Amino acid sequence: MTAYIIRRLLTLIPTLLGVSLLVFSITRLTPGDPVRQIVGPDAPQQRVDEVRRQLGLDQPILVQYWKFLTGAVRGDLGRSLLTRQPVVKELQDRLPVTLKIATISVIIAVVIGIPLGVISAARKYSAVDTLATLFAIGGVSMPLFWFAIMAILLFSIRLQWLPVGGLHGPIWTFEGMKAYVLPCITLALTPIALIARLTRSSMLEVLDREYVTVARAKGLEERRVIIRHALRNALLPVVTFVGLQYGFLLGGAVVTETIFALPGVGRLAIQAINQRDYPVIQGVVLMVAVIFTMINLIVDVLYAWLDPRISYA
């Protein structure tokens, strides 16, 4: 297992190299001039050239990429073109909010989605199964931004139970906790539906296996058969899916943080894209790539723990 983890960590190098090259190229090919964003559209060309030279954007593309790459290896992602703050500091200030939203959303999705899928499989074709199926279809097909707006209209404006947006203190306080309710539920809606459907289909497949039939023939209680014998094996594909969903939720936080005005990495990425802030865009993408890759590694290790038959020797 140790050798496998080391090999996976080594594959992180070409992966991040490819991601850095891709995002660097895309930011340069995107229409728009970041210098004009800084000096204004009516600034004289002499001023534009001066700022471009100060920012190093007048240098050849390969030189710019090499400086970015060598800096990233040292942990220096450059400075924001607009705020002139180090990109690493910008990410450190924003990342905790995004991680809280994504983590709470995953927990909500797992706590609701897995039991819903298990109950739906145990009571196949019942009214509970039908309602769960309808919920799953609605959760997958419902646009994230539409649900967020409807939730704000209902719980924030009409009922005034929850704040419209922004943060209102630390998360361990009551007011601070309320600020995370709507964003996390909004972000967890689709994963709940997907996890429930995947758990149901995986459970139905496992419940037809011979060892489950034998366990029932021994006179074991149905609840024990489902939880102890069927659920653990049924969770194998679910664990992989949950890990991938956590990475996707970091990207989905872009929409959620923008709608609810939360100071996270997603909102920072949107602002950087609108302002053509190249270093910030590159830093956000690289950070998400690292987190996504590490999550995949953790999922593979959990896979081997859940199923001893799997070996990474």
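This one's a predicted model, so the numbers in the text were calculated from it and none came from an experiment.
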Within residues 282-292 or reaching into it, pairs that qualify as salt bridge (charged side-chain N to carboxylate O under 4.0 Å, His left out) - sequence neighbours excluded: none
side-chain contact (heavy atoms from CB on, under 4.5 Å) partners for L62, two or more places apart: none
To which residues is V111 joined in a hydrophobic cluster, defined by side-chain heavy-atom contacts under 4.5 Å among Ile, Leu, Val, Met, Phe, Trp and Tyr, whether direct or through other members? I107
Taking CD in Q46 as the centre, count heavy atoms belonging to other residues, nucleotides or ligands within less than 6.0 Å. Is the count above 12? no
Given 3.5 Å as the limit, does a donor-acceptor pair link the side chain of S156 with the main chain of P163, or not? yes
Taken in chain and number order and not counting sequence neighbours, the residues that satisfy side-chain contact (heavy atoms from CB on, under 4.5 Å) with L198 are S201, V238, F241
Contacts of type salt bridge (charged side-chain N to carboxylate O under 4.0 Å, His left out), residue R47, not counting sequence neighbours: E50
Not counting sequence neighbours, list each pair that qualifies as a salt bridge (charged side-chain N to carboxylate O under 4.0 Å, His left out) and has a residue in residues 70-96. K89-D93
Does a side-chain heavy-atom distance below 4.5 Å link V181 with F155? no
Just grab all the salt bridge (charged side-chain N to carboxylate O under 4.0 Å, His left out) pairs involving residues 114-128, residues at least two apart or on different chains. none
Got W161 and L154 here, is their nearest side-chain heavy-atom distance under 4.5 Å? no
Which residue pairs pass the side-chain hydrogen bond (donor to acceptor under 3.5 Å, both in side chains) test with at least one member in residues 98-121, sequence neighbours excluded? T98-E257, T103-Y246, S120-D129, S120-R200
Which pairs with one or both residues in residues 278-292 pass side-chain hydrogen bond (donor to acceptor under 3.5 Å, both in side chains), sequence neighbours excluded? R28-Q282
Can you list, by chain and residue number, the hydrophobic cluster partners of V128 when the side-chain cut-off is 4.5 Å? I119
Keeping S20 on the side-chain end and L17 on the backbone end, is there a donor-acceptor pair under 3.5 Å? yes
Qualifying residues under salt bridge (charged side-chain N to carboxylate O under 4.0 Å, His left out), relative to K178, sequence neighbours excluded: E175
Check the hydrophobic clustering (I, L, V, M, F, W, Y; side-chain heavy atoms under 4.5 Å; chains of links allowed) and say if Y65 and L29 are grouped together. no
So F68 and L286, do their side chains get closer than 4.5 Å, heavy atoms only? yes
Would a distance-only check, ignoring hydrogens and angles, find a side-chain to backbone donor-acceptor pair under 3.5 Å from R276 to I273? yes
Checking the side chain of Q85 only, and the main-chain atoms of S80 only, is there a donor and an acceptor separated by less than 3.5 Å? no
Name all pairs fulfilling the side-chain hydrogen bond (donor to acceptor under 3.5 Å, both in side chains) condition that reach into residues 133-147, sequence neighbours left out, sorted by first residue then second. T133-R197
Do L91 and L77 pass the side chain to side chain contact (heavy atoms under 4.5 Å, CB included) test, and can you show the C-alpha distance, the side-chain angles, and the key distance before you say yes or no? CA-CA 10 Å; L91 294 176; L77 297 174; 3.9 Å; yes
